[in-house]
Protein chains: 2
Amino acid sequence: MLAEDNSIQDMLREKNIRLSHQRLMVLEYMSANHNHPTADQIFNGLKGTVPSLSKTTIYNTMDAFLEAGIIRPVNIEDNEVRYDIVTGEHGHFKCDSCGRIYDFDLDLDHLTSGQLAAFKIDSRDVYFRGTCKECLKSKS
Amino acid sequence: MLAEDNSIQDMLREKNIRLSHQRLMVLEYMSANHNHPTADQIFNGLKGTVPSLSKTTIYNTMDAFLEAGIIRPVNIEDNEVRYDIVTGEHGHFKCDSCGRIYDFDLDLDHLTSGQLAAFKIDSRDVYFRGTCKECLKSKS
DNA sequence: TACAAAATTGAATTCATTACAATTAATAAT
DNA sequence: ATTATTAATTGTAATGAATTCAATTTTGTA
């Protein structure tokens with residue numbers, strides 16, 4: 001209900017998503033935390049300020065946002081889904097040492113193969129894994 | 001125990017993986033079925049010929065093969081892991097209409113961003129989703 | 001052939017996600 | 001404003017892939 005920031009509410013209305021306190025809070029959380037949170041992380045991050053919050057609501061909300069294209073799933077983990085506010089085309093790097101997920105720029109046009117010329121492509125995901133700069137440094 | 005094909009056994013010995021009937025059967029199945037099967041599909045495909053087979057053995061076997069680099073995980077689904085016999089660098093396209101997974105060639109060198117120059121990259125996965133040629137044809 | 005180490009098995013468990021029905025809240029109509 | 005309609009929220013229960021673990025069996029080796 002923070003009247004200060006109408007941009008989030010307008011964004012939802014544009015996408016034909018009905019306003020609710022929970023949805024606004026989730027979007028606010030996503031905007032403040034660009035660290036590709038899981039449903040559980042969003043839930044734990046908000047339950048303090050929204051005591052009635054239910055985990056099911058998080059999943060419902062994510063589904064609504066996914067369908068509207070407001071967020072994007074990050075399936076770089078095999079056991080749980082993460083969510084990303086799309087800010088443009090980019091890849092994800094997961095460090096197997098510290099678990100952190102890094103964004104990196106992409107040039108997908110030079111990647112796309114002619115084999116898929118007749119295919120309708122809706123989403124493109126690029127996931128790299130390995131050890132990040134910081135972890136390599138601390139190991140030596 | 002089919003003596004006809006020693007190549008699979010040699011492959012395992014090279015990777016320091018102890019031979020077992022189950023492991024040989026799983027590798028034989030993977031070689032015959034290049035359709036990125038799930039653990040469940042492998043289990044159901046083999047339980048007829050290996051009655052004692054356990055689902056846990058499939059998971060254990062896949063873990064051993066993954067560590068040895070004989071197979072590669074395909075995390076294009078959000079709920080279950082698929083497995084691929086590595087034959088070289090390629091991307092995966094999943095058709096949301098028929099569910100089929102297609103391989104396609106990649107040129108990853110032109111994709112890699114300088115941002116990751118100091119990172120140690122162990123695996124690169126490219127997942128596309130959409131509608132395949134066949135499904136587009138039948139829709140029109 | 002016998003011993004030691006590793007693999008297999010199945011039952012029980014974990015954990016993310018989904019299903020569902022009752023309650024509550026948000027928008028539209030009066 | 002008040003009510004009616006419609007959709008969202010909530011909590012509990014269920015699902016299902018994957019893991020844990022201890023007992024049994026198999027494999028490789030001395």
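As a basis for the values below, the full set of heavy atoms in this structure was taken, side chains included, without hydrogen atoms, waters or symmetry mates.
- For the pair B:N44 CG and D:dA17 C1', the interatomic distance rounds to 13 Å; values are reported in whole Å.
- Between the CG atom of A:L12 and the P atom of D:dA8 there is a distance of 12 Å, given to the nearest Å.
- We find that CZ of A:F65 is positioned 12 Å from C1' of D:dA8, with the value rounded to whole Å.
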Legend entry - Worked verdict on A:D122 versus A:K120 for salt bridge (Lys or Arg N to Asp or Glu O under 4.0 Å): CA-CA 6 Å; A:D122 296 325; A:K120 181 172 166 286; 2.8 Å; yes
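- Under the 3.5 Å distance criterion, the side-chain polar atoms of A:E14 are left unmatched by any main-chain donor or acceptor of A:M11.
- Annotation for A:V26 and A:M62: closest pair CG1-SD, 4.0 Å, computed over non-hydrogen atoms.
- In this entry the distance linking NZ of B:K47 with P of C:dT9 reads 14 Å, nearest Å.
- Taking atom CZ of A:R23 as the reference point, atom P of C:dA25 lies 15 Å away to the nearest angstrom.
- A donor-acceptor pair is defined here as one N or O able to donate and one able to accept, closer than 3.5 Å; no such pair exists between the side chain of B:T57 and the backbone of B:L53.
- Residue-to-nucleotide contacts include no donor-acceptor pair under 3.5 Å from the side chain of A:R18 to the base of C:dT27.
- Phosphate proximity of D:dT10 to A:Q22: present, with a side-chain N or O under 4.0 Å from OP1 or OP2.
- Distance CG (A:N16) to P (D:dT6): 17 Å, rounded to an integer number of Å.
- Of the possible polar contacts, one joining the A:H90 side chain to the A:G88 backbone as a donor-acceptor pair under 3.5 Å is found.
- The distance between atom CE of B:M62 and atom C1' of D:dA17, rounded to the nearest whole Å, is 14 Å.
- Contact annotation: A:T57 side-chain N/O to D:dT10 OP1/OP2 distance is under 4.0 Å.
- Under the 30°/60° scheme for interplanar angles, the aromatic rings of B:H110 and A:H110 are found to be tilted.
- Inter-axis angle, ends of the helix from C:dT1-D:dA30 to C:dT30-D:dA1, five pairs per end, rounded to 10 degrees: 30°.
- In this structure B:F104 satisfies the ring pair (Phe, Tyr, Trp, His ring centres under 6.0 Å) test together with B:F128, sequence neighbours excluded.
- A cation-pi contact, defined as under 6.0 Å to the ring centre and within 45° of the axis, is absent between A:K133 and B:F119.
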Legend entry - Base versus backbone protein contacts along nucleotides 10-18 of chain C [heavy-atom cut-off under 4.0 Å; B, S, -]: BB----SBB
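- With rounding to whole Å, B:H21 atom NE2 is found 14 Å from D:dT27 atom C1'.
- The nearest pair of heavy atoms linking A:C135 to A:T131 is CB-CG2, 3.6 Å.
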